[in-house]
Protein chains: 2
Amino acid sequence: MRLMSPPVGLAALADTDLVGQVARVLTQAVINGQLAPGAKVVEAGIARELGISRAPVREAARLLEQQGLLVSHPRRGFFVRKLEARDIDEIYDLRICVECHAALLAAKNLTPANRDALRRQIDVLHETADLEDHARQVEEDYKFHRMVIEIAGSQRLLKVFDDLSSELRMVIGLIGRLYDDPSRIAQTHEALLDVLEQGHADIIAARFDYHIAAAWREVGKLVREIPASTNGAAP
Amino acid sequence: MRLMSPPVGLAALADTDLVGQVARVLTQAVINGQLAPGAKVVEAGIARELGISRAPVREAARLLEQQGLLVSHPRRGFFVRKLEARDIDEIYDLRICVECHAALLAAKNLTPANRDALRRQIDVLHETADLEDHARQVEEDYKFHRMVIEIAGSQRLLKVFDDLSSELRMVIGLIGRLYDDPSRIAQTHEALLDVLEQGHADIIAARFDYHIAAAWREVGKLVREIPASTNGAAP
DNA sequence: TAAGCGTCGATTGTCGACAGTTTAATCTTG
DNA sequence: CAAGATTAAACTGTCGACAATCGACGCTTA
């Protein structure tokens with residue numbers, strides 16, 4: 001059963017995967033705040049809303065739980081995870097750990113082809129800098145980082161990053177605007193590509209560390225201007 | 001529905017979680033080889049065997065898929081993941097990345113209490129060295145490493161480690177014997193605790209890196225004596 | 001008025017069923 | 001006899017149903 005009204009076209013490639021679709025829908029709902037942190041995710045409600053049964057919804061919820069977007073209290077249901085300042089710190093700490101390592105691997109695997117791909121992505125960053133679409137800016141930013149990890153060539157590294165990303169998108173979606181000076185993000189990423197090309201391990205690690213830590217401080221600052229809430233429900 | 005016959009006592013605390021139980025059963029089956037790599041996991045079969053319906057089995061399978069123990073081919077079902085040499089490399093590469101980082105954090109958080117806990121675990125390693133129970137040795141080995149990450153204090157770091165661990169247990173279970181000289185593993189872990197206490201970042205990272213890399217080489221050697229198989233099924 | 005208790009609606013956990021698809025087995029046919 | 005077509009069995013994806021449980025509300029009782 002399709003979620004959207006059949007889009008006429010026969011472009012039903014990787015569509016056949018209900019729980020995947022539900023997972024995407026839920027993820028999106030969490031990211032854009034339709035499902036606020038702490039909100040209860042009522043299986044029957046989602047199911048009815050999507051015109052499907054509860055089974056696929058439950059499976060999708062379990063998936064998102066594993067990814068850290070939802071928490072489940074047995075016999076009480078699934079809830080949108082509340083991220084506290086501590087979680088943000090954990091996420092960025094792990095991001096630094098993982099991305100610095102990935103950057104080193106990526107530098108080793110750097111070919112003209114994927115070097116150009118990165119450069120093109122930086123061009124995209126330049127373009128989006130002018131737009132007022134903050135969400136888009138964040139998205140293209142992530143895409144660059146993700147490309148680096150793809151180049152590193154480890155599926156597991158990529159999975160960790162993707163899981164962290166969806167958690168982060170949640171907070172960032174909540175914060176709203178992220179960059180004070182959008183034009184600068186393209187520049188900072190050029191610096192990242194530079195050190196990758198240069199290929200000196202220490203410098204690469206230091207540069208990526210600095211870059212991510214900067215984002216960490218930025219997000220941390222903005223988050224602390226927002227409600228601090230204890231996670232989960234009382235026992 | 002309970003899996004075991006009710007153990008009389010009222011110690012039915014965290015029992016109420018069918019999918020959790022199923023997940024554990026399946027994990028165990030994968031680790032000890034009852035479910036061989038590449039084997040098909042038939043939902044109805046598992047369900048019947050456990051005397052439950054397919055729904056919880058499916059949810060558990062999705063969970064293990066997310067953890068990397070199973071792969072799912074839409075419309076064809078779940079299969080036990082086949083780990084190739086490349087996967088082993090990815091796992092250990094990530095382990096080094098994560099555990100070295102965790103070790104640094106752990107060193108900062110090291111208190112007399114958890115320092116003693118680590119030491120006690122090393123004692124256990126000494127004791128199990130005499131036994132011929134290889135599985136037990138591996139398990140206690142992991143427990144030490146896990147404790148370090150617990151001390152580091154990041155839930156996410158711990159989750160990444162746990163996921164990697166279950167994948168690794170799979171390979172190691174397959175290999176059978178892992179240590180040529182069991183008496184040495186206690187020693188090497190003492191060295192790890194030493195550098196943690198000493199608290200010098202570079203030395204900690206280097207030592208953990210070396211320790212894990214050694215295991216990597218060991219496992220890699222043993223794995224390559226075993227069938228190399230392509231993962232998944234043909235499209 | 002505040003704490004305790006029972007009731008009722010809402011929601012989860014689990015089950016069995018059914019249709020559509022995949023896989024295995026059997027039967028053709030060149 | 002081998003390759004392809006055909007049929008039958010097995011399995012997955014999804015659904016709707018039902019009992020058990022949880023949380024809220026209101027009522028009783030100090």
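Every value quoted in this text rests on a predicted model; they were computed, and no experiment measured them. Note on naming: letters A, B, ... go to the chains in the order of the sequence lines (proteins, then strands), and numbering restarts at 1 for each one.
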Touch check for A:Val41, heavy atoms < 4.0 angstrom, all strands: base, sugar-phosphate only, or nothing? sugar-phosphate
Restricting to salt bridge (Lys or Arg N to Asp or Glu O under 4.0 Å), what partner residues turn up for B:Arg86, sequence neighbours left out? B:Glu90
Can you tell me the distance, in whole Å, between the CD atom of A:Glu43 and the P atom of D:dA17? 17 Å
Quick one: does B:Gln121's side chain have a donor or acceptor within less than 3.5 Å of a partner on B:Lys143's backbone? no
Gap between atoms CZ and P, on A:Arg48 and D:dG16 respectively (whole Å): 12 Å
Let me spell it out: for each of A:Arg54 and B:Phe78, pick the nucleotide of DNA chain D with the closest heavy atom. Which residue's pick is nearer the 5' end? B:Phe78
Say whether, by atom type as modelled, one donor and one acceptor occur between the side chain of B:Asp116 and the main chain of B:Ala113 under 3.5 angstrom. no
A:Ser53 side chain N/O closer than 4.0 Å to the phosphate oxygens (OP1, OP2) of D:dT14? no
Interatomic distance where CZ belongs to B:Arg62 and C1' belongs to D:dT12 [whole Å]: 11 Å
Looking at D:dC15, C:dT12, C:dC15, which one has an atom nearest to any side-chain atom of A:Ile52? D:dC15
Find the distance A:Ile46:CD1 to D:dC15:P and express it as a whole number of Å. 14 Å
Contacts under 3.5 angstrom, residues 63-72 of chain B side chains, donor-acceptor by atom type, not counting sequence neighbours:
| residue | atom | partner | partner atom | Å |
| --- | --- | --- | --- | --- |
| B:Glu65 | OE2 | B:Ser72 | OG | 3.1 |

Taking the side chain of B:Pro56 as heavy atoms from C-beta outward, which of C:dA17, D:dC18, C:dC15 is closest to it? C:dC15
If only side-chain N and O atoms of A:Lys40 are considered, is one of them under 4.0 Å from the OP1 or OP2 phosphate oxygen of D:dG23? no
Pairing residues for A:Asp162 by the salt bridge (Lys or Arg N to Asp or Glu O under 4.0 Å) criterion, not counting sequence neighbours: A:Arg146
For the pair made of CZ in A:Arg58 and P in C:dT14, what is the distance, rounded to whole Å? 7 Å
Could you tell me how far apart B:Phe79 (CZ) and D:dC11 (C1') are, to the nearest whole angstrom? 10 Å
Between protein and nucleic acid, restricted to nucleotides 20-22 of chain D and to nitrogen or oxygen atoms under 3.5 Å apart, what atom pairs and distances do you find?
none

For A:Leu70 and C:dT12, give me the distance from atom CG to atom C1', rounded to whole Å. 15 Å
Using the closest heavy atom to pick a nucleotide of DNA chain D for each, name whichever of A:Ala55 or B:Gly77 lands nearer the 5' end. B:Gly77
Counting heavy atoms from C-beta on, name the nucleotide in C:dG13, C:dA17, D:dC15 closest to the side chain of A:Leu18. D:dC15
Only counting residues at least two apart or in another chain, list the ones meeting salt bridge (Lys or Arg N to Asp or Glu O under 4.0 Å) with B:Arg95. B:Glu99
B:Glu59 CD to D:dT12 C1', in whole Å, measures 15 Å
Which pairs pass side-chain hydrogen bond (donor to acceptor under 3.5 Å, both in side chains) with one or both residues in residues 46-55 of chain A, sequence neighbours excluded? A:Glu43-A:Arg54
